[in-house]
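Each chain gets a letter, A, B and so on, in the order its sequence line appears, and its residues count up from 1. This one's a predicted model, so the numbers in the text were calculated from it and none came from an experiment.
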2 protein chains.
Amino acid sequence: MAGRAVKIAEVASAAGVGVGTVSRVLNGSPQVRDETRKRVLAVIQQLGYRPSRLASGLALGATRSVAVLVPFMTRPSVVGRLAGIVAVLDAEGFDCVVCNIETAEQRDRHLRGFADLHRVDGMLVVSIPLHQGQVDAIAATGLPLVLVDADAPGVPRVVIDNVAGGMLATDHLLALGHRRIAFIGDTSRRGMGFLSNARRLEGYRRALRAAGVTPAPELVRRGPHGGAVAGSIALDLLQRDDAPTAIFAASDTQAAGVLQAAKKVGCRVPRDLSVIGFDDVETAELLGLSTIRQPLARSGELGARMLCSLIRGDPVPAGRTTLPLELVRRTSTAELVTRSRAPTLVSAS
Amino acid sequence: MAGRAVKIAEVASAAGVGVGTVSRVLNGSPQVRDETRKRVLAVIQQLGYRPSRLASGLALGATRSVAVLVPFMTRPSVVGRLAGIVAVLDAEGFDCVVCNIETAEQRDRHLRGFADLHRVDGMLVVSIPLHQGQVDAIAATGLPLVLVDADAPGVPRVVIDNVAGGMLATDHLLALGHRRIAFIGDTSRRGMGFLSNARRLEGYRRALRAAGVTPAPELVRRGPHGGAVAGSIALDLLQRDDAPTAIFAASDTQAAGVLQAAKKVGCRVPRDLSVIGFDDVETAELLGLSTIRQPLARSGELGARMLCSLIRGDPVPAGRTTLPLELVRRTSTAELVTRSRAPTLVSAS
DNA sequence: ATGAAAGCGCTAACAG
DNA sequence: CTGTTAGCGCTTTCAT
């Protein structure tokens, strides 16, 4: 069937023209007589000629492809960003090479690997903190780099203000009269030092202090990311005598776990407990979960668009581009009502 | 900084060897004196030499990359498969080019595009039905092809038995005494003719018939995929006089919507309503949703592994490889109890 | 408008 | 063990 691959020279001689002309036809150059073009096209069709991407790439010095590094690619928030990236790259005609980074080893290997010449035309790093040394190494190769949901001085990047987000969530609960507010976040994994979580916690603390509430250490909990884990943390929290009246979970996935835990112990949301999440993924809407919405897909689209510009040599906003956050109030948060058990101590400063 | 790229010839002369030797060092050939190797490596290091992927690929006739076509990449079930694929390809040293296919136009464009010579070494099509003509066209190019969760005669593929899955779910509900069982599935979108849903429905019908129950047309509903839509369908169903006592949703996402709808109308699960889903994604566990588990990640891993074998020229199981399904019983299904409202008519044949 | 020829940077076969 | 050389298939001046 598929005989030896037919190459441009064969097309050329079969059409009675030079390879140059065939190449011009292939690339839509206007300077080819219409008749000639037709003839060449016909031959291409007939011979089943398919150009070699590798060869043209080598001649052109570009791959028309981009690398995207993401951590934990099964998390809805990451998928949301990735979807935005993939859509833009597709529209811009770039192939999108996706790498899932679960360990520091993988991160380092791929960071090095994509620095290879002519492997990709640019790189997008999503939600993975980079050391200065890593950034410098990439810069030294001249590989265009854009960060999404990660910070590193001097690199074009699109981020959100996680501290502000933490404050937004906490302020919402405070405004509803809550004072015993717990925080459930996740521990950064495998030595990659993820920071968004810590920042949201920082926002939580700041908001409490600003409201004159002393953050209670026993109400700040962290564990491996995941709904189930968050649920069991919540369970523990809710069974205390001085249980919180509200919980701020650092992601919707974790908030969903909290909701489930509440249900399990007969704690009614939002009557007995207010819960707020972060991200606004699909589940949040489905569960009626109040949350802090961040534009996930848009962050990906924006980052991808910036990278494309960088590759083309077009100007790009230097440094950080910050996307807006928004409180989405649904039915998981409500005003504090005095609970049926012993009145809760309010810790005020 | 990044001066003109240094190429292999410069490394060779700087190290006082021929380019052949440098190439051998690069590719870990054993037939290089250790001392020579060290010298070359040192020069490479010092000059900051980075090999050109494009050039070596052209010489080798391979790209070391694979295309993956997926539909609706934000759906958890798809992400699960994709994660499996990405993991295996990474381990095997292939770059994974991901395309999200939302329309028939995108599907056709990419199917054609990846047939280009030397663009990728192989292609993985996930959950997208292919016409015979499309399969033939790809076969004619000689591009290695593997299907995951899709069927097409003659192509190596990994699938599940959706009919059996539908029966498994329905039988579970029947065994619990339910007779008025509704089905909520989704309509195939944008002319791509997805079939899993129809097959699950077919399984539902077969199981009912086998149990002597006549499928009630008014209990079979389909709508665009998504939790919210499924929820409103369920709402409608539950407000009927002859509401179903159990609902089989063709995906966990839709089942989650059903759960939410039930809650909204004060219908208690599983006391007043049993609900079963399909897939077993993370949410299912979190919600205590009974479901039919299919090995999502594993299907991706297997498919990817098969493709790698195909590329290497190793033998691969011909035709279809069917993965097992499993009923996972959680807390959303229970034995039928007579409901408080007017006794439900049981339709039996 | 088009043909000829010089790369693009690497690998592998061949000769030593 | 190692140097030399001929491709890999396309793009692009440079003439004409």
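If you take CD1 of A:I44 and C1' of D:dG9, they are 14 Å apart, rounded to a whole angstrom. A:K7 places its NZ atom 11 Å from the P atom of D:dG7, with the value rounded to the nearest Å.
For the side chain to side chain contact (heavy atoms under 4.5 Å, CB included) with A:C96, the lone residue among A:V88, A:D90, A:L124, A:L89 that qualifies is A:L89.
Side-chain atoms of B:R157 come within 3.5 Å of backbone N or O of B:V155 as a donor-acceptor pair. With hydrogens and angles disregarded, no donor-acceptor distance shorter than 3.5 Å links the side chain of A:R37 to the backbone of A:R33.
Residue-level contact check: A:L58 touches the bases, meaning some heavy atom is under 4.0 Å from a base atom. At a threshold of 4.0 angstrom between heavy atoms, the contacts of A:T21 are confined to the sugar-phosphate backbone, with no base atom among them. Looking at heavy-atom distances under 4.0 Å, A:G61 makes no contact with the nucleic acid at all.
The shortest distance between the side-chain N/O atoms of B:R33 and the OP1/OP2 oxygens of D:dT2 is below 4.0 Å. In terms of phosphate contacts, A:S56 brings no side-chain nitrogen or oxygen within less than 4.0 Å of OP1 or OP2 of D:dC10.
Summary of the strand contacts: A:D34 and A:V19 both lie near DNA chain C, and taking for each the nucleotide with the nearest heavy atom, the more 5' one is attributed to A:D34.
From one end of the helix from C:dA1-D:dT16 to C:dG16-D:dC1 to the other, with five pairs defining each end axis, the axis direction shifts by 30° (rounded to 10°).
The shortest non-hydrogen separation linking B:L117 to A:A5 is CD2-CB, 3.7 Å.
For D:dG9, its base never sits under 3.5 Å from the side chain of A:R50 at any donor and acceptor pair.
Using modelled atom types and a 3.5 Å distance limit, the side chains of B:D149 and B:S127 yield a donor-acceptor pair.
Along DNA chain C, read 5' to 3', the first and last nucleotides having any atom under 4.0 Å from a heavy atom of chain B are C:dG9 to C:dA12.
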